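Each remark here refers to the structure printed beneath this line.
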Amino acid sequence: MRIAVTGSIATDHLMTFPGRFADQLVADQLHTVSLSFLVDNLDVRRGGVGANIAFGMGQLGTAPILVGAAGSDFAEYRDWLDRHGVDTDSVRISETLHTARFVCTTDADHNQIGSFYTGAMSEARQIELKTVADRVGGLDLVLIGADDPEAMLRHTEECRTRSIPFAADFSQQIARMDGDNIRILLEGSAYLFSNEYEKGLIESKTGWSDEEILSRVGHRVTTLGSRGVRIERVGADPIEVGCAEEERKADPTGVGDAFRAGFLSGLAWGVSLERAAQVGCMLATLVIETVGTQEYQLRRAHFLDRFTKAYGHDAAGEVRGYLS
């Protein structure tokens with residue numbers, strides 16, 4: 001099963017300031033702020049919704065096709081993804097813009113000052129999925145993840161026109177989208193991903209009830225934080241899967257992307273929806289135990305041991321043969 005993952009490709013530059021921002025602010029001079037903070041630490045991490053999901057799928061051996069836009073500074077990141085089983089040949093490289101970048105400084109009170117540079121991400125709207133499909137011999141599913149909004153709309157319409165099944169996953173972009181665009185992006189999707197808060201926001205912005213949205217999509221997949229995930233479809237009982245037990249909680253960033261990577265890999269393998277959700281929850285647990293969205297290691301024996309403990313021997317037996 002050939003799955004294309006569209007979405008943002010970015011790097012995060014995270015810095016730590018040992019003091020407090022509040023101590024540097026003068027109340028009657030806030031209209032003319034000019035500050036520079038001497039920071040202690042700098043972490044540069046690979047990220048972006050599309051790249052995170054593709055990385056997880058690559059770890060599980062399902063050879064995802066990453067579709068997005070990056071800058072000429074993408075070479076090292078591309079090598080990293082290639083080494084971890086991701087097809088990056090459909091990533092557009094901008095001739096003028098850098099790869100999208102998030103720069104953030106956190107103080108001792110965990111207050112943050114950050115900036116997001118969209119950069120080359122804005123060129124994702126110029127990517128045609130037909131070119132991707134022709135290169136790989138057709139596409140069985142396209143995940144339309146958070147990206148340049150025009151790119152998300154273009155990819156969705158092209159999937160409809162070419163009868164390619166697609167999954168809608170707005171995540172961070174839902175805050176800036178209006179109801180009309182959200183209705184366009186979810187109508188007819190094979191899968192609609194969101195967390196609980198986004199679920200309510202989708203209903204509020206579209207004006208559609210839960211039942212009305214469910215009637216317009218194949219499956220509604222809602223992540224429930226520490227309670228796992230719920231999968232709903234018309235005419236069937238909901239499927240609910242709990243999370244695997246955590247060994248520690250290091251960093252929640254990227255957990256949702258990891259779930260999607262595991263779930264989509266399960267679809268590629270052809271296992272049941274319940275089993276696919278279990279794979280997604282197991283991968284999400286590995287990510288929450290690691291600082292960074294792509295810093296975890298998927299060791300087959302370790303993954304299977306923990307999967308067996310969480311979901312039983314029968315479940316583990318069904319996925320064992322697919323893990324490379």
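Keep in mind that this is a model prediction, so the values were computed, not measured. What's counted below: heavy atoms across the whole structure, side chains too, no hydrogens, waters or symmetry copies.
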Treating Thr131 as the side-chain partner and Ile127 as the backbone partner, does any N or O pair qualify as donor plus acceptor under 3.5 Å? no
Which ring-ring contact (aromatic ring centres under 6.0 Å, His included) pairs, counting each pair once, include a residue from residues 127-147, with sequence neighbours left out? none
Only one of Val5, Ile164, Ile3 passes side-chain contact (heavy atoms from CB on, under 4.5 Å) with Leu141; say which it is. Ile3
Using the rule given for side-chain contact (heavy atoms from CB on, under 4.5 Å), can you reason through Asp178 versus Lys205, listing the C-alpha separation, both sets of side-chain angles and the distance that settles it, and then say yes or no? CA-CA 6 Å; Asp178 60 24; Lys205 287 196 170 190; over 6 Å; no
With sequence neighbours left out, the residues meeting side chain to side chain contact (heavy atoms under 4.5 Å, CB included) with Ala315 are Arg275, Gln278, Phe307, Tyr311
Should Leu283 and Met1 be counted in the same cluster of Ile, Leu, Val, Met, Phe, Trp and Tyr side chains packed under 4.5 Å apart? yes
Thr253: which residues meet the side chain to side chain contact (heavy atoms under 4.5 Å, CB included) condition with it, sequence neighbours left out? Asp251, Thr293
Pairs involving residues 115-171, ordered by first then second residue, that meet ring-ring contact (aromatic ring centres under 6.0 Å, His included) (sequence neighbours left out): none
Closer than 4.0 angstrom, basic N to acidic O: yes or no for Arg306 and Glu246? no
Please confirm whether the backbone N or O of Met121 pairs with a side-chain atom of Thr118, one donor and one acceptor, at under 3.5 Å? no
My understanding is that only residues two or more places apart in sequence, or in another chain, count here; which of them pass salt bridge (Lys or Arg N to Asp or Glu O under 4.0 Å) with Arg260? Asp169
Are any of the side-chain heavy atoms of Ile9 and Phe74 separated by less than 4.5 Å? yes
Test Asp73 against Thr99 for side chain to side chain donor-acceptor pair (under 3.5 Å), laying out the working first. CA-CA 7 Å; Asp73 55 342; Thr99 300; 2.8 Å; yes
Result block: side-chain N/O donor-acceptor pairs under 3.5 angstrom for residues 20-27, not counting sequence neighbours:
| unit_1 | atom_1 | unit_2 | atom_2 | d |
| --- | --- | --- | --- | --- |
| Arg20 | NE | Asp109 | OD2 | 2.6 |
| Arg20 | NH1 | Asp23 | OD1 | 2.7 |
| Arg20 | NH1 | Asp23 | OD2 | 3.4 |
| Arg20 | NH2 | Asp109 | OD2 | 3.4 |
| Gln24 | NE2 | Arg20 | O | 3.4 |

Pairs meeting criterion ring-ring contact (aromatic ring centres under 6.0 Å, His included) with involvement of residues 183-237, two or more places apart: Tyr191-His219, Tyr191-Phe263, Phe193-Phe263
Yes or no on side-chain contact (heavy atoms from CB on, under 4.5 Å) for Val221 and Val229, after CA distance, side-chain angles and deciding distance? CA-CA 7 Å; Val221 184; Val229 62; 3.7 Å; yes
Under a 4.0 Å N-O cut-off, is there an ion pair linking Arg227 with Glu240? no
Candidate pair Arg230 and Glu232, rule salt bridge (charged side-chain N to carboxylate O under 4.0 Å, His left out), full reasoning: CA-CA 7 Å; Arg230 180 176 61 248; Glu232 300 168 281; 3.6 Å; yes
Give the table of side-chain donor-acceptor pairs shorter than 3.5 Å for residues 76-87, with sequence neighbours excluded, one pair per line with atom names and distance.
| unit_1 | atom_1 | unit_2 | atom_2 | d |
| --- | --- | --- | --- | --- |
| Tyr77 | OH | Gly47 | N | 3.1 |
| Tyr77 | OH | Gly47 | O | 2.7 |
| Tyr77 | OH | Gln294 | NE2 | 2.8 |
| Arg78 | NH1 | Thr88 | O | 2.8 |
| Arg78 | NH1 | Thr88 | OG1 | 3.2 |
| Trp80 | NE1 | Gln294 | OE1 | 2.9 |
| Asp82 | OD1 | Thr88 | OG1 | 2.7 |
| His84 | ND1 | Trp80 | O | 2.8 |
| Asp87 | OD1 | Asp89 | N | 3.0 |
| Asp87 | OD1 | Arg135 | NH2 | 3.0 |
| Asp87 | OD2 | Arg135 | NH1 | 3.3 |
| Asp87 | OD2 | Arg135 | NH2 | 3.1 |

Would you confirm whether Thr62, through its side chain, and Ser265, through its main-chain N or O, come within 3.5 Å as a donor-acceptor pair? no
Straight-line distance of Leu273 CG to Arg233 CZ, nearest 0.5 Å: 5.5 Å
State which residues pass salt bridge (Lys or Arg N to Asp or Glu O under 4.0 Å) with Glu245; sequence neighbours excluded, sorted by chain then number. Lys309
Minimal non-hydrogen separation, Gly262 against Leu60, with atom names: CA-CD1, 3.7 Å
Can you give me the closest heavy-atom contact between Ala124 and Ala69, atom names plus distance? N-CB, 3.7 Å
Would you check if the side chain of Asn52 reaches a backbone N or O of Gly48 as a donor-acceptor pair within less than 3.5 Å? yes
Distance-only, no hydrogens or angles: does the Gln59 side chain make a donor-acceptor pair with backbone N or O of Gly56 under 3.5 Å? no
side-chain contact (heavy atoms from CB on, under 4.5 Å) between Leu153 and Ile184, worked out: CA-CA 8 Å; Leu153 289 166; Ile184 290 171; 3.9 Å; yes
Please determine whether a side-chain nitrogen of the Lys or Arg among Arg46 and Glu295 lies less than 4.0 Å from a carboxylate oxygen of the Asp or Glu. yes
Please report the C-alpha distance between Arg248 and Glu289 in whole Å, then the side-chain angles of each, then the deciding distance to 0.1 Å, and finally whether the salt bridge (charged side-chain N to carboxylate O under 4.0 Å, His left out) criterion is met. CA-CA 5 Å; Arg248 67 185 186 121; Glu289 295 172 349; over 6 Å; no
side-chain contact (heavy atoms from CB on, under 4.5 Å) between Asp12 and Cys104: does it pass, once the steps are laid out? CA-CA 8 Å; Asp12 297 336; Cys104 182; over 6 Å; no
Just to verify, what does Asp305 make a salt bridge (Lys or Arg N to Asp or Glu O under 4.0 Å) with, not counting sequence neighbours? none
Ignoring hydrogens and geometry, is there a side-chain-to-backbone donor-acceptor pair from Arg220 to Leu214 under 3.5 Å? no
Kindly write out the residues that satisfy ring pair (Phe, Tyr, Trp, His ring centres under 6.0 Å) with His302, not counting sequence neighbours, or none if the list is empty. none
Would you please name every residue forming a ring pair (Phe, Tyr, Trp, His ring centres under 6.0 Å) with Phe102, sequence neighbours left out? none
Distance, nearest 0.5 Å, that separates CD1 of Ile182 from CE of Met152: 9.5 Å
What I want to find out is whether Lys199 reaches Glu196 closely enough, with some N-O distance under 4.0 Å, to be called a salt bridge. no
Is there a side chain to side chain donor-acceptor pair (under 3.5 Å) between Ser94 and Glu123 once you walk through the steps? CA-CA 7 Å; Ser94 172; Glu123 295 187 11; 2.8 Å; yes
Determine the minimum heavy-atom distance between Ala54 and Pro64, stating which atoms define it. O-CG, 3.2 Å
Applying the 4.5 Å side-chain criterion to the ILVMFWY set and letting contacts propagate, would Val279 and Ile53 be lumped into a single cluster? yes
Regarding Thr223 and Asn195, is there a side-chain donor-to-acceptor distance under 3.5 Å anywhere? no
Between Asp148 and Arg125, does a salt bridge (charged side-chain N to carboxylate O under 4.0 Å, His left out) hold up when you go through it step by step? CA-CA 7 Å; Asp148 170 67; Arg125 66 185 69 180; 2.8 Å; yes
Looking at Arg162 and Glu157, does any basic side-chain N land under 4.0 Å from a carboxylate oxygen? no
